[in-house]
2 protein chains.
Amino acid sequence: MSNIRDVAREAGVSVATVSRALSDPDKVSQTSLNKVHSAIDKVGYRPNMLARSFRSAKSYAVVVLVPDITNPFFSQVIRSIEDRAQQKGYAVLLGDTRGVPEREKEYIRRVETRLADGVIQLRPDDPNRRFEMPADIACVNVCGCESTSGPRVRIDNRGSARSVVDYLISLGHRRIGVISGLKDNPHTVDRLAGYLESLEAAGIEFDKSLVAEGDFTTWSGLNSAKQFCAMPDKPTAIFCMNDEMAIGAIQTLKQHGIRVPEDISVTGFDDISYARYCDPSLTTVTQPAEEMGKLAMDMLLRLIEGEDLAQEENVLPAEFVIRKSTAIPRKD
Amino acid sequence: MSNIRDVAREAGVSVATVSRALSDPDKVSQTSLNKVHSAIDKVGYRPNMLARSFRSAKSYAVVVLVPDITNPFFSQVIRSIEDRAQQKGYAVLLGDTRGVPEREKEYIRRVETRLADGVIQLRPDDPNRRFEMPADIACVNVCGCESTSGPRVRIDNRGSARSVVDYLISLGHRRIGVISGLKDNPHTVDRLAGYLESLEAAGIEFDKSLVAEGDFTTWSGLNSAKQFCAMPDKPTAIFCMNDEMAIGAIQTLKQHGIRVPEDISVTGFDDISYARYCDPSLTTVTQPAEEMGKLAMDMLLRLIEGEDLAQEENVLPAEFVIRKSTAIPRKD
DNA sequence: TTGTATGCGTTATCAG
DNA sequence: CTGATAACGCATACAA
């Protein structure tokens, strides 16, 4: 564990010269540069970045807060964030909160105590609502919704939901079920608004009994679908607020001998990779995960640099993709 | 940004007392303790962990190296690692290498430069083979294989593969195809060994044409299966070396009008969450992802503490689970 | 271009 | 139990 002094001694120069040779080589003569580099090789020197960070009061790390890393959509976004961070010389501290506020605080504390320079939040919630995010912390929200405040990047959830339901209506569906996320989840709110807009535009009356509440897990999609299967007057299509719930719902429908899409159409949201490989492949909304992560990281970097992004919002385009899980309603 | 001196001044004690009050309260009188704590509240003090890390020459961070975070099996393991790390006061630096040695080196460098105290590698490769892992770096390998060296936690890939193939044979299958990972991938080697063992035990001759090489992606499973579809004498079962390839293979079979499992049985490996929800649900091998991550983190911690785990190996039990993608072979 | 000297915030040593 | 002070490794202002 040699340090900068060992190098200086070996090279026969001062520590300042070694330091400069490393961080600002232009300010050092070629001869010194050579001496320094061979000395570095000789003593096996590795700069202590901890000391460097301490000295410069920057950790060159950001924490990424995510409710669940095993969610394939989130992990795609995170991969993109990591990629960008690495390019920019930043490290990514993984903060899988599992929705536990205590764990979130723990990670926020890491930036308060200088172990990270900022935070990227992958959650729909307003960062200021569920717990106190100190105002002086650099934070950008990704995958948020209309009510999210602060710097953020998201898609138009309402508009995308509307595209989906508009399409179902155009196929001839009039009774369209919904498997939503938890009621107070902002994504649920935005996507439900799109659903309602679409219904209203088509002059279809809203039927409350057609909304089943899930929680974005496959398991909840599986269960929520049962409630539709039990109805005498089943919906002819089900709009699921994410792909996992759609996959769960399809599973249940099949078990009840209901064919998708011949008997009931099903749609998802997110376009996780399995959406393309399940049977039938899912009609869904592709979120630009890659782009969202990259953009979020870039925004955070600007924030860390001191730029004021106050309420900068980036709404990225999402793409509605039609696959095999939707069809015209069956005529009985 | 107040520091320990501000607190000391405010509390009317020395910095040493403040430091002790925080790290070793037993050594401080109750009066001092009170003064310190109210001073901390008053000036809004947050200890600078960067300084603390620097001083103690420990970063309290570990890097997790993973080829692809979006792989659901890996993300499960990582979630478990993160959980354990958080419990122990460690941060997890996410290193998604995408298999690029350059990126791996970048992360290894982070521990050489003291930004992390150790590494957990999620890759089958021998950590010493593909690039030079400095010997003095605390590193444990998880999800490795028989040829992996150094501290490691893994399952018995060969034995598990054998369970799968034994089962297929017990159903009456004699022509059993394989969709493998890349030939030189150690997982491929171990699992293929299990396959061969099983065949030999049953007196079935190995037919080289029944092995299709994939690369563990759904896409490759999709393509490899085509080669079986084109065969006049198709296998009656296909042993896929992971679930994604099995899912891809099933997709292809269906497109060719081949029913699973009635016409051809398919098995996977890993038991990612979609294995349970795809159609038909996958017969596969459940890796104890949770336990593997936790154990790997614990081993790394011991390594960091200076313990010598040299060649400690933990082989965890994997469970063979039978679902709907396997059946007795069709009699023609 | 180079060297000297100082300080970053904390912990630990050593006297009191 | 407490306080003064010396490190930790590096970057930089200032002087040469």
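Both backbone and side-chain heavy atoms feed into the values below; hydrogens, waters and symmetry mates do not. Letters A, B, ... are given to chains in the order of the sequence lines, protein chains preceding strands, and every chain is numbered from 1.
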Length of the line joining [X]:[atom1] and [N]:[atom2], which is rounded to integer Å:
| X | N | atom1 | atom2 | result |
| --- | --- | --- | --- | --- |
| Arg55(A) | dC8(C) | CZ | C1' | 6 Å |
| Arg5(A) | dT6(C) | CZ | P | 15 Å |
| Lys35(B) | dC1(D) | NZ | P | 14 Å |
| Arg20(B) | dT5(D) | CZ | P | 15 Å |
| Gln30(A) | dT1(C) | CD | P | 11 Å |
| Met49(B) | dC8(C) | CE | C1' | 17 Å |
| Leu50(A) | dT11(C) | CG | P | 13 Å |
| Arg114(B) | dC8(D) | CZ | C1' | 11 Å |

Just to be sure I understand the rule, does [X] reach a base, reach only the sugar-phosphate, or reach nothing, if contact means heavy atoms closer than 4.0 Å?
| X | value |
| --- | --- |
| Ser29(A) | sugar-phosphate |
| Ser56(B) | nothing |
| Val18(A) | nothing |

On DNA chain D, compare the nucleotides closest to Ala16(B) and Ala51(B); which residue's is nearer the 5' end?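 Per heavy-atom nearest nucleotide, the more 5' residue is Ala16(B).
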
Would you mind telling me which of dT4(C), dT2(D), dG9(D) lies closest to the side-chain atoms of Val28(B)?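 Selected nucleotide: dT2(D).
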
Could you check which of dT10(C), dG3(C), dT5(D) has an atom nearest any side-chain atom of Val15(B)?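 It is dT5(D).
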
Quick one: is [N] close enough that its OP1 or OP2 comes under 4.0 Å of any side-chain N or O from [X]?
| X | N | result |
| --- | --- | --- |
| Asn3(B) | dG9(C) | yes |
| Arg52(B) | dT11(C) | yes |
| Ser19(A) | dT12(D) | no |
| Thr17(B) | dG3(D) | yes |
| Ser23(A) | dA11(D) | no |

Taking Arg123(A)'s backbone N and O only, do any of them form a donor-acceptor pair with Asn141(A)'s side chain (distance below 3.5 Å, no angle check)?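 The answer is yes, because a donor-acceptor pair under 3.5 Å joins these two groups.
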
Ring-plane angle category for His187(A) and Phe216(A), please: parallel below 30°, perpendicular beyond 60°, tilted otherwise.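 Correct class here is perpendicular.
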
Check whether the side chains of Gln76(B) and Arg79(B) place a donor and an acceptor atom closer than 3.5 Å, and report yes or no.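 Checked: Gln76(B)/Arg79(B) side chains show no N/O donor-acceptor pair below 3.5 Å.
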
